[in-house]
**Q** 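Please see the structure below; I have some questions.
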Amino acid sequence: MDDKTVLGRIHELVDEEHKLRQAVGRGEIGTDEEHTRLKELEEGLDQCWDLLRRRRAAREVGNDPNAEQAHSVSEVEGYLQ
């Protein structure tokens with residue numbers, strides 16, 4: 001997965017988040033469903049941003065960015081701030 005593909009996925013997830021919030025606003029889905037799906041979207045976004053940062057870091061130090069793979073949700077969400 002190259003940077004362009006990762007950024008494309010980020011845009012897809014953000015678009016889905018906006019559509020989800022609009023659906024809630026129109027009463028098409030309940031807040032429980034919204035919260036569940038928003039959590040999934042946020043985790044997916046965190047994974048994408050993490051991968052993009054690691055690809056860029058690898059490139060900066062002369063390593064192959066294509067060697068970087070997406071980390072699991074539990075790993076990404078478990079990072080210390």
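Hydrogens, waters and symmetry mates play no part in the numbers below; they use all other heavy atoms, side chains included.
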**Q** Taking side chain to side chain donor-acceptor pair (under 3.5 Å) as the test, write out the residues that go with K39, two or more places apart.
**A**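 With neighbours one apart ignored, the set is E43.
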**Q** Side chain to side chain donor-acceptor pair (under 3.5 Å) with E40: which residues, sequence neighbours excluded?
**A**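 Testing E40 for side chain to side chain donor-acceptor pair (under 3.5 Å), a comparison that skips the adjacent residues, returns R37.
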**Q** Would you name the heavy atoms of G44 and L13 that are closest together and state the gap between them?
**A**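 Residues G44 and L13, closest heavy atoms: C-CD1, 3.6 Å.
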**Q** Identify which one of N66, D3, D64 satisfies the side-chain hydrogen bond (donor to acceptor under 3.5 Å, both in side chains) criterion when paired with R59.
**A**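 Testing R59 for a side-chain hydrogen bond (donor to acceptor under 3.5 Å, both in side chains) against N66, D3, D64 leaves exactly one candidate, D3.
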**Q** If I take atom CD from residue E68 and atom CG from residue L52, how far apart are they, to the nearest 0.5 angstrom?
**A**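 Those atoms lie 11.0 Å apart.
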**Q** Atom CD in Q69, atom CZ in R55: separation rounded to 0.5 Å?
**A**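 So the CD of Q69 and the CZ of R55 are separated by 9.0 Å.
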**Q** Side-chain polar contacts of residues 24-36 - donor-acceptor pairs under 3.5 angstrom, sequence neighbours left out - could you list them?
**A**
residue : atom : partner : partner atom : Å
R26     : NE   : E28     : OE2          : 2.7
R26     : NH2  : E28     : OE1          : 3.2
T36     : OG1  : D32     : O            : 3.1

**Q** Please check if W49 and V6 belong to a single hydrophobic cluster, counting links between Ile, Leu, Val, Met, Phe, Trp and Tyr side chain heavy atoms closer than 4.5 Å.
**A**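 Yes.
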**Q** Quick check for you: to the nearest 0.5 Å, what is the distance between L41 atom CG and R21 atom CZ?
**A**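 Interatomic distance, L41 CG to R21 CZ, rounded to 0.5 Å: 9.0 Å.
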**Q** Do the charged groups of E60 and R56 touch, with an N to O distance under 4.0 Å?
**A**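 Salt bridge: no.
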**Q** So, are R54 and D50 salt-bridged, with charged N and O less than 4.0 Å apart?
**A**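 Result for this pair is yes, salt bridge flagged.
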**Q** How many angstroms lie between CD in E75 and CD in Q47, if you round to the nearest 0.5 Å?
**A**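 Reported to 0.5 Å precision, the distance equals 10.0 Å.
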**Q** Do you know which two heavy atoms are closest between P65 and A58, and how far apart they sit?
**A**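 Scanning both residues completely, I find the closest heavy atoms to be CA-CB, 4.1 Å.
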**Q** I'd like to check L51 versus H71 (side-chain heavy atoms, cut-off strictly below 4.5 Å). Are they in contact?
**A**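 Side chain of L51 against side chain of H71, heavy atoms only: no contact under 4.5 Å found.
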**Q** Would a hydrophobic clustering, with Ile, Leu, Val, Met, Phe, Trp and Tyr connected at side-chain separations under 4.5 Å, put M1 with L45?
**A**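 M1 clusters together with L45.
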**Q** In the single-linkage hydrophobic clustering (I, L, V, M, F, W, Y; side-chain heavy atoms under 4.5 Å), do L38 and V73 co-cluster?
**A**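 Different clusters: L38 never reaches V73 through Ile, Leu, Val, Met, Phe, Trp or Tyr contacts under 4.5 Å.
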